[in-house]
Amino acid sequence: MKKILYTILFSSLLLSFLNAQPQNVYVIPIKGTIELGLASFVERSLKENPNAKAFIFEIDTFGGRVDAAIRIRDAILSTPNLTIAFIKDRAWSAGALIALSCEKIIISPSGSIGAAEPRPAEEKTISALKAEFESTAKKRQRNPKIAAAMVDADEVIPGLKQKGKILTLYAEEAKKWKIADEILEDLDSVLKYFRLEKAKVTNLHPNWAENFVRFITDPTVSSIILTIGMLSLYVAIFTPGLGLPELLALICLGLFFGGHYLAGLAGLEPLILFILGLILIFIEMHTPGFGIPGIAGSISVFLSIYWTIVQKGGTFQALLTGIFVVLSLIIFLAIYLPRSRVWKKFGLSGSQKKELGYTAVQERKDLIGKKGKTITMLRPTGIIEIDGERFEAYSESEFIEPGEEVLVFKVEGNKIFVRRSEK
């Protein structure tokens with residue numbers, strides 16, 4: 001009898017001790033554009049806090065990347081902890097999928113959820129995203145038809161949605177149609193509603209690496225970085241030497257690939273393909289003409305960028321924007337820059353006529369047959385030195401490194417043509 005009493009007493013004390021321990025509730029912000037850095041942050045937050053009493057996702061977003069939202073959705077569905085979506089203002093597009101993946105949904109009086117039609121609104125993308133919304137709603141015992149209507153304009157729900165419109169629910173509608181569990185004003189009300197007002201509440205935030213990845217993989221920023229990188233690479237290919245264009249191309253394209261790699265969007269394969277393309281382009285820069293290495297290198301660089309953007313369902317917008325802007329800038333530089341006032345300051349604006357005292361360039365026919373040494377690389381133009389005098393010279397058919405002996409074989413006007421000297 002005493003053993004039974006001691007057991008009951010011990011159990012009561014243990015239960016009291018456990019109840020006295022603070023319950024941990026973690027608040028995870030889902031704000032701004034939904035991208036891959038945010039997905040990494042959510043996955044880390046759920047993984048590092050397995051003993052949480054609940055996770056509250058504070059949502060206020062117009063949407064973002066579908067692949068990032070699906071990663072967040074999968075992470076939420078796989079956690080055994082209580083998950084609560086608190087829609088402060090709006091959970092649109094990808095944000096709606098994140099909200100639907102939570103066990104409970106609380107919406108503020110000014111909140112709304114829906115507007116999830118994908119872009120581009122093609123049958124394939126609509127069908128895929130619609131299936132994600134329907135399966136998520138079924139998992140959480142919500143009406144899958146309502147979830148599908150947020151994606152597909154062709155869905156019809158009597159008394160709620162007509163054909164041809166995308167569904168967006170405001171707070172009262174969301175509660176009426178059992179998408180939201182309750183309408184509450186703020187986070188304190190949410191805690192009180194779930195009897196968590198005595199819990200220890202911790203607001204989680206992305207670390208510096210996740211913030212960096214969020215910034216780099218933002219569709220707008222990614223487009224700008226890709227554009228600058230591609231334009232700098234173009235300038236670097238067609239200008240001699242190593243300088244600012246090469247450095248800028250390396251930094252921008254390094255940020256582009258590095259950010260996508262850290263976010264888990266790209267593996268090492270696209271990066272290896274990109275480096276291979278740069279090597280081929282470098283080989284092309286040091287050989288005359290534009291041949292197989294240049295073509296293969298250009299294709300490799302393009303495919304690596306395409307692979308990085310598209311392989312995990314990423315938007316093609318960044319690539320198309322980059323190509324369009326680069327081509328536009330190249331056309332502008334080639335056509336309009338030579339006519340600009342800034343460009344004219346670097347050139348002669350008038351003609352050098354004989355009547356004004358100018359004389360024609362003297363043809364140095366006396367240099368034919370003479371040997372000299374290259375001061376700079378001839379690619380195909382560069383500087384050579386003959387008998388202590390420097391001249392601009394043109395290589396016959398190949399690039400010639402600095403310090404090599406060359407032979408003058410032809411002079412046309414002020415153009416001096418050389419080839420490697422046969423020793």
Side-chain angles (χ1 to χ4, degrees), residues 27-46 56-76 85-102 107-108 110-121 125 128-129 132-133 136 150-151 166 168 203-229 252 255-266 305 308-322 325:
V27 179
I28 301 176
I30 306 292
K31 298 180 180 180
T33 303
I34 295 172
E35 25 54 32
L36 298 161
L38 180 63
S40 298
F41 161 59
V42 171
E43 290 169 342
R44 177 180 63 82
S45 299
L46 297 178
I56 300 177
F57 295 87
E58 204 170 49
I59 302 176
D60 182 12
T61 177
F62 290 101
R65 298 185 63 120
V66 174
D67 53 344
I70 290 175
R71 279 179 54 181
I72 295 172
R73 172 251 193 204
D74 292 343
I76 293 174
F86 174 45
I87 304 173
K88 289 190 66 175
D89 287 299
R90 54 196 64 83
W92 294 358
S93 190
L97 181 62
I98 295 172
L100 290 171
S101 65
C102 295
I107 190 169
S108 71
S110 60
S112 58
I113 180 174
E117 185 179 42
R119 290 290 183 270
T125 54
L129 188 59
E132 291 286 343
F133 269 71
T136 303
M150 296 179 182
V151 179
I166 295 298
T168 303
N203 292 287
L204 300 178
H205 301 284
N207 58 36
W208 71 268
E210 290 159 346
N211 279 324
F212 170 76
V213 172
R214 290 195 67 179
F215 176 76
I216 293 298
T217 58
D218 181 275
T220 302
V221 175
S222 183
S223 298
I224 293 172
I225 291 175
L226 181 58
T227 299
I228 296 174
C252 290
L255 288 173
F256 177 79
F257 283 100
H260 284 75
Y261 175 75
L262 290 174
L265 179 64
I305 294 172
T308 300
I309 293 175
V310 179
Q311 69 169 333
K312 293 283 184 70
T315 175
F316 202 55
Q317 173 191 358
L319 183 60
L320 292 179
T321 303
V325 174

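Along the sequence shown, residues are numbered consecutively beginning with 1. Small disclaimer: the values here were computed from a predicted structure and weren't measured.
By the side chain to side chain contact (heavy atoms under 4.5 Å, CB included) test, Ile166 pairs with Glu117, Ala153, sequence neighbours left out. Checked against side chain to side chain contact (heavy atoms under 4.5 Å, CB included), Ala96 has the following partners two or more places apart in sequence or in another chain: Ile113, Phe133, Met150. With sequence neighbours left out, the side chain to side chain contact (heavy atoms under 4.5 Å, CB included) criterion links Pro29 to Lys31, Phe41. In terms of the side-chain hydrogen bond (donor to acceptor under 3.5 Å, both in side chains) criterion, residue partners of Glu43 (sequence neighbours excluded) are, by chain and number, Arg71. Every residue two or more places apart in sequence or in another chain that forms a side-chain hydrogen bond (donor to acceptor under 3.5 Å, both in side chains) with Arg90 is listed here: Asp60. Looking at residues two or more places apart in sequence or on another chain, you find no side-chain hydrogen bond (donor to acceptor under 3.5 Å, both in side chains) involving Thr168. Not a single side-chain hydrogen bond (donor to acceptor under 3.5 Å, both in side chains) links Ser101 to another residue, sequence neighbours left out. Phe215 meets the ring pair (Phe, Tyr, Trp, His ring centres under 6.0 Å) test with no other residue; sequence neighbours excluded. Taking Ala94 as the reference, Ile34, Ala69 meet the side chain to side chain contact (heavy atoms under 4.5 Å, CB included) condition, with sequence neighbours excluded.
One finds the OG atom of Ser40 at 9.0 Å from the CD atom of Glu35 (value rounded to the nearest 0.5 Å). Ile72 contributes atom CD1, which lies 10.0 Å from atom SG of Cys102 (distance to the nearest 0.5 angstrom).
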* Steps toward side-chain contact (heavy atoms from CB on, under 4.5 Å) verdict (Val42, Ile28) -> CA-CA 7 Å; Val42 171; Ile28 301 176; 4.1 Å; yes
* Could you check Arg73 against Ile98 for side-chain contact (heavy atoms from CB on, under 4.5 Å), going step by step and ending with a plain yes or no? => CA-CA 5 Å; Arg73 172 251 193 204; Ile98 295 172; 5.6 Å; no
* **side-chain contact (heavy atoms from CB on, under 4.5 Å) between Ile76 and Phe57, worked out** => CA-CA 10 Å; Ile76 293 174; Phe57 295 87; 3.7 Å; yes
* Where do Ser108 and Ile87 land on the side-chain contact (heavy atoms from CB on, under 4.5 Å) test, with the steps shown first? -> CA-CA 6 Å; Ser108 71; Ile87 304 173; 5.9 Å; no
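When all heavy atoms of Ile225 and Cys252 are compared, the closest pair comes out as CG2-O, 3.0 Å. Here the closest non-hydrogen pair linking Ala116 and Leu129 is O-CD2, 3.4 Å. In this structure, Glu132 and Leu97 approach most closely via the heavy-atom pair O-CD1, 4.0 Å.
With a 4.5 Å cut-off on side-chain heavy atoms, Pro206 and Leu38 do not count as touching.
If you check the side chains of Trp92 and Thr61, you find no donor sitting under 3.5 Å from an acceptor.
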